[in-house]
Amino acid sequence: MVDAATSTTRWLADVADRAVSLISAFQDRSGAYPASPNFSAYAGYCWFRDGAFIADAMSAAGRYDSAEAFHRWAATALIGWRGRVDAIGAATSILHVEHLLLPARLRLDGSEASDEWANHQVDGYGTWLWALGEHLRRTGSPAEPWLPAIEVVVDYLLAVGTMPCFDWWEERPPGVHPSTIACVAAGLRSASGMGVLDAARNHAARAECDALLERLAWGASSTGYLPKSEGSTAVDAAAIAAVGPLRVVGGSLGLATLATVEARLVDGAKVYRFEADQYYGGGPWPLLSAMLGLAWLEYGNEARARELLDWVVTTEDIRGWIPEQARGRLLHPEELAVWRGRWGPSATPLLWSSAMALRLIVALRPGLS
Ligand code: BGC
């Protein structure tokens, strides 16, 4: 007879295996992870944000080659932007740098698209540094080979890390978002912790990271939780990442942020992005439920993490694909048809969704996959 604990462990191992297989199957030969292999607006593109979280999950699951291939793909692009980032650093006004800002996503071959996408999203660069740092720490690999790319990102984050930009959800208008600041802080802290930066950069990265952590606390002083944007009272589930997996905010502010997300953006285990979300009607995002589970683990709340994971797993289809948005109440149902008309059915599979499920499973059961 198989006891309940063994069968749960097997069940989780199967879900983790399916996530690894899906991500491996769709990872491009270049190392890029397509956001979704078949959704019209995402296929053919790799986002730094999605890619960094996917690489972190693959690394945490012991799929080091996959993570490293992604990091090499990113590093190649980054090194090519050395001159561009120098020009940004040397500019005397923000007005002079707009055309130089780095994109949110690249084609899978590493080339830049010349479309009208909301490209200025700084969070993915911080998250990339964080994910690389996590991978190097896990594998005990040296950081030196990555230094030219790391330097580009550190310089970029020091130059534009607090400049208004689009948020995780590529929403307009640009603003200063605690979820973005958290990624920038995590990236700078990670780079400094690698021990390879020259003294001046290291000092600047540490000082900026401290300033950003203070800024996060200051930005939350009137709300008590990390708000969607500085000066607003709206809440955004992206702020969960500051608590876990990025671990830049903890204590009472982290707890209040999770409690606010739970109260305003969660229905059972279904997590919504933000109250005004209209994208495909604004349904629940499995990747955010998994991220909330990771964040609750920071407070030792394994029971809640498991509840969240249980729901995420129900969103897998028969092929083991997890969508961007799952079935559930829509916040703005009247918008669904607009998006379907524009881009067809919403994205599935979304590799980032599978990655967050995988990351949570590994956190709950290290060594499982
Ligand atoms: C989301 C982004 C994501 C992109 C690709 C967009 O709809 O808002 O956060 O990076 O899809 O998955």
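Indexing begins at 1, ligand by ligand and atom by atom, following the structure's order.
- Both tests do not hold together for R138 against Y64: distance to the six-membered ring centre under 6.0 Å, angle to the ring axis within 45°.
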Between W321 and N38, does the side-chain contact (heavy atoms from CB on, under 4.5 Å) criterion hold? Intermediate values first, please. CA-CA 12 Å; W321 292 5; N38 50 23; 3.6 Å; yes

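- The shortest N/O to N/O separation between W168 and ligand 1 falls below 3.5 Å.
- Taking distance alone, with nitrogen or oxygen atoms compared against 3.5 Å, W352 stays at or beyond that limit from ligand 1.
- Note that R215 lies outside the cation-pi zone of W218, set by a 6.0 Å cut-off to the ring centre and a 45° limit from the axis.
- If you number the atoms of ligand 1 from 1 as listed, the ones under 4.0 Å from a heavy atom of A35 come out as 5 (C), 12 (O).
- Distance alone, capped at 3.5 Å, places no donor-acceptor pair between the S192 side chain and the R206 backbone.
- Using a 4.0 Å cut-off to heavy atoms of L350, the atoms of ligand 1 that qualify are 12 (O).
- Taking the centre of each ring, Y45 and Y42 stay at or above the 6.0 Å mark.
- When each atom of ligand 1 is checked for a heavy atom of R49 under 4.0 Å away, the hits are 2 (C), 3 (C), 9 (O), 10 (O).
- Scanning the protein for heavy atoms near atom 5 (C) of ligand 1, the closest one is D50 OD2, 3.2 Å.
- Proximity of Y279 to ligand 1 is established by a heavy-atom distance of less than 4.0 Å.
- Side-chain rings of W169 and W285 approach one another, their centers coming within less than 6.0 Å.
- Annotation: Y280 is not in aromatic contact with W343 [ring centroid separation under 6.0 Å not met].
- Of all atoms in ligand 1, numbered sequentially from 1 with element shown, those under 4.0 Å from a heavy atom of W47 are 4 (C), 5 (C), 10 (O).
- Remark: ligand 1 and R273 share an N or O pair separated by less than 3.5 Å (distance only, no angle test).
- Less than 4.0 angstrom separates some heavy atom of E170 from each of these atoms of ligand 1: 6 (C).
- Counting only heavy atoms of the protein, atom 11 (O) of ligand 1 lies nearest to Y42 OH, 3.0 Å.
- No part of R105 comes within 4.0 Å of ligand 1, judged by heavy-atom distances.
- A cation-pi contact, defined as under 6.0 Å to the ring centre and within 45° of the axis, is absent between R189 and W130.
- At least one heavy atom of E324 sits closer than 4.0 Å to an atom of ligand 1.
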Set out, in order, the CA-CA distance, both residues' side-chain angles and the distance that settles ring-ring contact (aromatic ring centres under 6.0 Å, His included) for F48 and Y125, then state yes or no. CA-CA 6 Å; F48 281 88; Y125 291 94; 4.6 Å; yes

